[in-house]
Amino acid sequence: MNTVIMAFPGNEILAEAIRRGINGEEGKTTIRYFPDGESYVRILTDVKAKEVIVVCSLDRPDNKILPLFFLCKKLKEGEAQRITLIAPYLAYMRQDKSFAPGEAVTSVHFASLLSSFVDRLITIDPHLHRHHAMEEIYSIPCTVLHAADHISKWIKLNVSNPVLIGPDSESEQWVSSVAKNADAPFIIFEKERLGDREVKISDSLVRTYKNFTPVLVDDIISTAQTMIESISHLKKNGFKPVCIGVHGIFCDESYQQLMSAGSLHVVTCNTILHPTNQIDINELFVKSLQENTGVPHQKNLLKYND
Ligand code: R5P
């Protein structure tokens, strides 16, 4: 079966790296907004009887989900055999509970929506917390990939004597496996969220790691308040940390705020396009697709900054 790789606008670099990796066909589209904000979607490649892989990172999802829906509907009308969505960042995983009466559990509804028009989903480190597995909320086959090994390699190459720090209990799952592969100790801070843009951090252990370089690792940097509060706590104890996020959403001015908060370095994986992308995860997708389709490995993968 031929495989077509389609980049949702903004995902061209990663889609091209994946396309080269599996030797797929480039899928051409026109996706844009009309002046009134409605979406225009046109498919310019024959997809009949082909597997179509749509690459669309789902940060800032509300503007993307409707054109993505139209695209997938049109792919089905064009008789695509199967639609796989590669969403390097998967949105709406954090509202996994009704915290206040009347609140919608959007993780469940978003999962049900995506499952209704995509046949298969591949993503990296989704925020699984109160939902323990994707199957609890998604009704399509899902493959969850992990950036931990790539982050560990980056730390080993770039940080001397690291101690890894998770800013909250949820981060322990990522931090512990990154620490294991980086041969480094780790500690977990305690976080209390006081509002959308306000958190409080506490810990009692970090001052015992005097001659270490702290490396804060979290799955998501959104308002960056979690990182900023953690940095402030570390600064009080005489440390200047490296900050690593798997997914750098960086709302509004948060990147600038994080830079001026006193971190040594801010680094993210290229699941969402951003100047901090230093950890290239495209080979995770290539390997996963090869395992699923038996496509032979291509040498000389395109690097993210090519
Ligand atoms: C939450 O539990 C996540 O793991 C992150 O800690 C959180 O999303 C970071 O958000 P922010 O950058 O807005 O503090």
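For ligands, and for the atoms within them, numbers begin at 1 and follow the listed sequence. For the single chain, residues carry numbers from 1 onward in sequence order. Everything numeric here is computed off the predicted structure, so don't read it as measured data.
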Distance-only donor-acceptor pairs under 3.5 Å for side chains of residues 29-40, two or more places apart:
from: Tyr33; atom 1: OH; to: Asn63; atom 2: O; distance (Å): 2.5
from: Asp36; atom 1: OD1; to: Glu38; atom 2: N; distance (Å): 3.0

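Close contacts of ligand 1 with Arg94, meaning ligand atoms under 4.0 Å from a residue heavy atom, involve 8 (O). Close approach to Ala224 involves these atoms of ligand 1, each under 4.0 Å from a residue heavy atom: 11 (P), 12 (O), 13 (O). The atoms of ligand 1 that sit less than 4.0 Å from any heavy atom of Ile221 are 12 (O).
Not a single donor-acceptor pair under 3.5 Å links the side chain of Thr268 to the backbone N or O of Gly245. For the pair Ser222 (side chain) and Ile249 (backbone), a donor-acceptor distance under 3.5 Å is absent.
If you look at His127 next to ligand 1, the close heavy atoms, those under 4.0 Å, all belong to the side chain. The parts of Ser222 lying near ligand 1 are both backbone and side chain, judged by heavy-atom distances below 4.0 Å. Within the 4.0 Å heavy-atom criterion, neither part of Val199 lies near ligand 1.
Residue contacts with ligand 1 include Lys191, since one or more of its heavy atoms lies under 4.0 Å from the ligand.
Scanning the protein for heavy atoms near atom 6 (O) of ligand 1, the closest one is Asp218 OD2, 2.5 Å. Nearest protein neighbour of atom 14 (O) of ligand 1, counting heavy atoms only, is Thr226 OG1, 2.5 Å.
Under the side chain to side chain donor-acceptor pair (under 3.5 Å) criterion, the residue pairs touching residues 231-244 are Asp203-His233, Arg207-Asn237, with sequence neighbours excluded.
Of the options His247, Gln225, Met227, Arg193, the smallest heavy-atom separation from atom 10 (O) of ligand 1 is shown by Arg193.
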